[in-house]
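Below is one structure; the comments refer to it alone.
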Amino acid sequence: MAQGTVFKRCGCTEVVDGKRRQLGRSCPKLKRPDGAWNPRHGTWYFVLPVVGVGGKRSQMLRGGFESKDAAQDAMDEIKAKASKGIIVNDRLTVGEYLDGWIKGKTDIKRKTRALYQGHIDRYWTPHLGHLRLGDLRVAHVSAVFDAINERNEQVRKGRLRNVKHVGAATMQRIRATLRVALSDALREGLVSVNVASLVKLPSGKSPKPMVWTIEREKRWRAEVAKLVEQGKSYSRARDLVPPPQSVMVWRPDQLGVFLDHVQDHRLYALWFLLSHRGLRRGEACGLEWLDCAMDADVPSATIERQRVVVEGQVIEDTPKSEAGGRVIPLGADGVEVFRAHRVAQKKERLAWGEAWVDSGKVFTQEDGSPLHPDWVSDEFERLIEECDLPPVRLHDLRHGAASIMLAAKVDMKVVQEILGHANLSTTANTYTSVYPEVAAAAAEAVAGFIPRRAKTS
């Protein structure tokens with residue numbers, strides 16, 4: 001690092017060619033007649049070349065020191081930090097840092113970048129952007145979540161319209177954005193501690209899927225019926241009665257009703273695949289015929305890409321994680337469904353002629369163009385209402401597929417690989433439900449395994 005310079009200057013001005021300018025370091029009052037520095041005029045400064053974020057070079061200018069020694073000591077302290085690899089910029093704000101950080105973050109997926117950017121724009125910059133990065137404390141970060149909770153209370157009381165409640169899991173993701181950013185700042189020496197990692201929040205664990213048991217379905221339908229009696233349309237009543245929790249799973253017989261209802265739907269193969277193999281929406285939309293090996297000894301489909309919505313635009317990307325790239329067994333029933341779907345798609349291609357879009361996708365619009373993931377979700381909701389089933393989200397078919405596979409005694413490790421989870425614990429703790437029939441059978445099996453003395457009358 002360059003040595004830097006310590007100097008004295010003042011705020012005196014003079015008029016030159018009709019323009020006023022500061023004398024700065026050339027003011028004659030800075031020194032006494034004997035050449036010594038005048039202690040009553042001006043203050044001491046230092047200027048030091050520094051390296052900032054991303055290797056950008058700049059000049060650090062600091063002033064207001066009462067003595068030359070004080071300015072020299074301050075400059076020496078900064079030089080000592082720089083010699084240890086610490087990037088010194090004590091005027092860098094949180095907003096400036098986050099802006100530069102997200103622009104230089106090239107090692108993440110576009111969807112993740114959009115998520116980070118949304119959190120920065122909605123929460124971190126508005127609340128903390130004005131603070132100096134080095135001054136950021138745990139209390140500042142906690143105050144942001146206090147503000148979110150206050151807004152949640154306003155939403156609960158109906159005082160805010162068209163504003164969504166921010167749940168515990170979302171808060172965890174919001175904090176994760178700042179934690180990742182500050183981890184990089186810590187590595188660069190811009191901060192001495194990652195305050196985001198010290199903020200305490202509710203666990204935010206995803207709720208374990210809940211089954212639409214017969215009793216739960218009866219209660220839900222009774223609430224819907226009450227609203228219909230009050231004059232609401234059946235469709236509106238369904239929208240107004242929420243499920244017991246956000247993640248719901250159909251019973252096998254309910255799934256059977258849905259699949260029977262969509263048997264003649266042009267995308268029956270899509271609903272079959274989602275409900276039987278638990279693919280993510282984007283994975284199914286991105287699947288191509290080249291990925292399908294229906295004539296192999298073990299018929300399968302390889303997940304190599306996904307179609308996801310990022311900032312309103314559909315893009316094709318690699319799977320969500322390394323484990324997401326996987327081979328899905330089709331099974332004999334899956335091969336039959338896929339072959340029928342391919343025959344139907346070839347007929348559509350002939351009907352469209354030159355207007356056909358040769359996207360190569362397994363699941364397409366009628367003209368061959370790829371499906372928009374949001375359309376798939378909307379169509380699923382429409383079909384559910386048509387066959388009058390209790391509501392589940394499209395992603396809940398993934399939960400249901402895991403639950404059914406485990407109920408059918410498929411090994412947990414196999415289920416993990418089919419779903420594309422990196423950790424077995426995710427499969428066991430999040431994506432499985434215990435159907436009442438399975439739980440009852442387990443209870444009977446345990447009771448039958450324990451030898452007991454015969455009862456006597």
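Not measured: the values here are computed from a predicted model.
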Checking L270, L274, V376 against F363 for side-chain contact (heavy atoms from CB on, under 4.5 Å), the one that qualifies is L270
Going by distance alone, is a donor N or O of one side chain under 3.5 Å from an acceptor N or O of the other, for Q345 and R342?
-> no
Those residues at least two apart in sequence (or on a different chain) that pass salt bridge (Lys or Arg N to Asp or Glu O under 4.0 Å) with R238 are D388
(Q) For the residue pair Q117 / E311, report whether a side-chain donor-acceptor contact shorter than 3.5 Å exists. (A) no
F380 vs F258 aromatic rings, parallel, tilted or perpendicular, using cut-offs 30° and 60°?
-> perpendicular
In terms of heavy-atom contacts, R251 and W212 come closest through NH1-O, 2.8 Å
ask   = Is a salt bridge present between R156 and E153, judged by a nitrogen-to-oxygen distance below 4.0 Å?
value = yes
Taken in chain and number order and not counting sequence neighbours, the residues that satisfy ring pair (Phe, Tyr, Trp, His ring centres under 6.0 Å) with H276 are F272
Between R398 and L419, is there a donor-acceptor pair closer than 3.5 Å when you use the side chain of the first and the backbone of the second? yes
Q: Would you please classify the geometry between the H265 ring and the W271 ring as parallel, tilted or perpendicular, with 30° and 60° separating the classes?
A: perpendicular
- Query: Checking N152 side chain against V166 main chain: does a donor-acceptor pair fall under 3.5 Å?
  - Reply: yes
Measure from the side-chain N and O atoms of S359 to the backbone N and O of G368, and report whether any donor-acceptor pair falls under 3.5 Å.
yes
Original post:
Between R277 and I418, is there a donor-acceptor pair closer than 3.5 Å when you use the side chain of the first and the backbone of the second?
Top reply: no
| Residues K105, D107: salt bridge by 4.0 Å N-O rule | yes
*Consider only side-chain N and O atoms of N423 and S425, and report whether a donor and an acceptor are under 3.5 Å apart.*
no
Looking only at the side chains, is there a donor atom on one of K109 and T318 sitting less than 3.5 Å from an acceptor on the other? yes
With sequence neighbours left out, the residues meeting ring pair (Phe, Tyr, Trp, His ring centres under 6.0 Å) with W356 are none
